[in-house]
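It should be emphasised that the depicted structure is a prediction, and the values quoted were computed from it without experimental measurement. Below, chain A is the first sequence line, B the second, and so on; all start at residue 1.
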Protein chains: 2
Amino acid sequence: MRELHHPPRECLELTQVLHALSDPIRLCIVRQLAVSEALACGTFCETAPKSTMSHHFKVLRLAGVIQQRSEGTSCFNTLRRCDLDARFPGLLDAIVRENVATCGDSLWETEEQ
Amino acid sequence: MRELHHPPRECLELTQVLHALSDPIRLCIVRQLAVSEALACGTFCETAPKSTMSHHFKVLRLAGVIQQRSEGTSCFNTLRRCDLDARFPGLLDAIVRENVATCGDSLWETEEQ
DNA sequence: TCCGTTGTTCTAAAAATATCGAACAATGCG
DNA sequence: CGCATTGTTCGATATTTTTAGAACAACGGA
């Protein structure tokens, strides 16, 4: 398969990383990768069609968030945790660790703001 | 001046916050706010015209990143640090603390990835 | 009251993104 | 080889986002 471009660590840009992570599908991908080793694209059972998922993987790769490696007909994805931690310490942890609850839950008292 | 809507803490969404922070101008605003108290919109000497800046402040406010308060003819902005830290621990620190250098600097040895 | 300052809203246009079907490429198996 | 599997690329469309000028609103000072 064709060579896949991965930006070197020192070229990662925070704005691009944040943009890559600001999509629900991509955020979901990153969180799954955070708790497992290399996963093939096909193992992410999103409802989106393949071409859409392929697009999202590409965005993540070009932003430097994931590493993609072909093996057979599969494409295995891993988080570039070392590079991300080196460039943006604490960012990945903060994003992966996030509380699962969203709007509607009352886990946090609504203080005056 | 008109009431400005601020989403309550429990309604903040990570994807929206990340998107708000993924723009260079907005990221710059947030970083300035992180190291100072309330700043009026006009104190951010970006080259962009007022209407563009106003748009960016609105994006930050609606994502729950900043609090805006009118005073006289000025509009003072503050980071919603407490809410952000409560909902997304470590995120703000990671984003504000980021290394200043960008592509081209050799502060990090490029390891194999 | 007249004016300058500060910032928002409206509007339009441009640019960037997202979505997804169809065609294609690479691989491996029988 | 024939074929299914896995994923990419292309092309078109739709949606979102960004930018910015112009008009407007609120406020304060002279």
Side-chain angles (χ1 to χ4, degrees), chain A residues 1-7 13-30 32-33 36-78, chain B residues 1-7 13-30 32-33 36-78:
Chain A
M1 203 170 267
R2 160 113 102 294
E3 292 304 305
L4 295 173
H5 177 251
H6 291 81
E13 289 193 21
L14 181 57
T15 50
Q16 283 182 43
V17 170
L18 294 176
H19 171 257
L21 295 169
S22 72
D23 179 274
I25 292 182
R26 294 196 292 260
L27 184 58
C28 185
I29 290 172
V30 168
Q32 288 187 247
L33 289 177
S36 50
E37 281 314 300
L39 288 178
C41 294
T43 61
F44 299 85
C45 52
E46 302 289 336
T47 53
K50 286 191 303 177
S51 58
T52 297
M53 293 302 286
S54 188
H55 162 73
H56 287 307
F57 282 110
K58 189 176 185 179
V59 171
L60 286 170
R61 172 169 53 77
L62 294 181
V65 177
I66 65 171
Q67 167 84 220
Q68 293 192 287
R69 163 181 51 87
S70 295
E71 196 160 310
T73 60
S74 297
C75 178
F76 286 95
N77 303 274
T78 50
Chain B
M1 203 172 267
R2 165 113 104 291
E3 292 304 303
L4 295 173
H5 177 249
H6 291 82
E13 290 194 20
L14 181 56
T15 50
Q16 282 183 42
V17 171
L18 293 176
H19 171 257
L21 295 169
S22 72
D23 178 274
I25 292 182
R26 294 194 294 260
L27 184 56
C28 186
I29 291 172
V30 168
Q32 289 186 246
L33 288 177
S36 49
E37 282 314 301
L39 288 177
C41 294
T43 62
F44 299 86
C45 52
E46 301 288 338
T47 55
K50 286 188 306 177
S51 59
T52 298
M53 293 303 287
S54 187
H55 161 73
H56 287 308
F57 282 111
K58 190 176 185 179
V59 171
L60 286 170
R61 173 170 53 80
L62 293 181
V65 177
I66 65 172
Q67 166 85 220
Q68 294 193 286
R69 164 180 52 86
S70 294
E71 195 160 312
T73 60
S74 297
C75 177
F76 286 95
N77 303 275
T78 50

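- One finds no side-chain N or O of Thr73(B) lying less than 4.0 angstrom from the OP1 or OP2 phosphate oxygen of dG7(C).
- Straight-line distance from the CG atom of Leu62(A) to the P atom of dT9(D): 10 Å, rounded to whole Å.
- Between the CG atom of Asp23(B) and the P atom of dT18(D) there is a distance of 6 Å, rounded to whole Å.
- Atom pair Leu39(A):CG and dG7(D):C1' shows a separation of 16 Å (rounding to whole Å applied).
- Atom P of nucleotide dT8(D) and atom CZ of Phe57(A) are separated by 8 Å, given to the nearest angstrom.
- A donor-acceptor contact under 3.5 Å is formed by the side chain of Ser51(B) with the base of dG21(D).
- Side-chain N or O atoms of Ser54(B) include none that pairs as donor or acceptor with a backbone N or O of Ser51(B) at under 3.5 Å.
- His55(A) places its NE2 atom 14 Å from the P atom of dC10(D), with the value rounded to the nearest Å.
- When the side-chain nitrogen and oxygen atoms of Ser54(B) are compared with OP1 and OP2 of dT8(C), one or more of them lie within a distance under 4.0 Å.
- Between Phe44(A) atom CZ and dT6(D) atom P the separation is 14 Å, expressed in whole Å.
- Where Cys41(B) and Ala48(A) meet DNA chain C, the nucleotide closest to each residue was compared, and Cys41(B) sits on the side nearer the 5' end.
- OP1 or OP2 of dT6(C) has not a single side-chain nitrogen or oxygen of Ser74(B) nearer than 4.0 Å.
- Among the nucleotides dA18(C), dT8(C), dT19(C), the one closest to the side chain of Val59(A) is dA18(C).
- If you measure from atom CD of Glu71(A) to atom C1' of dG7(D), you get 14 Å, rounded to the nearest angstrom.
- Remark: P of dG4(C) and NZ of Lys50(B) are 14 Å apart, rounded to the nearest angstrom.
- Between dG21(D), dG7(C), dC20(C), one nucleotide has an atom nearer to the side chain of Thr52(A) than all others, and that is dC20(C).
- We find the CG-CD distance between Leu33(A) and Gln67(A) to be 11.5 Å, quoted to the nearest 0.5 Å.
- With contacts defined as side-chain heavy-atom distances shorter than 4.5 Å, the pair Pro7(B)/Glu13(B) does not qualify.
- Contact annotation for His56(B): backbone-only contact, meaning every heavy-atom pair under 4.0 Å involves sugar-phosphate atoms and none involves a base.
- Nearest to the side chain of His19(B), among dT6(C), dT6(D), dT18(D), sits dT18(D).
- Of the possible polar contacts, one joining the Asn77(A) side chain to the Leu39(A) backbone as a donor-acceptor pair under 3.5 Å is found.
- Nearest-nucleotide assignment on DNA chain C puts the 5′-proximal partner with Gln68(B), out of Gln68(B) and Arg26(A).
- Looking at His6(B), its side chain does come within 3.5 Å of a backbone N or O of Gln68(B) through a donor-acceptor pair.
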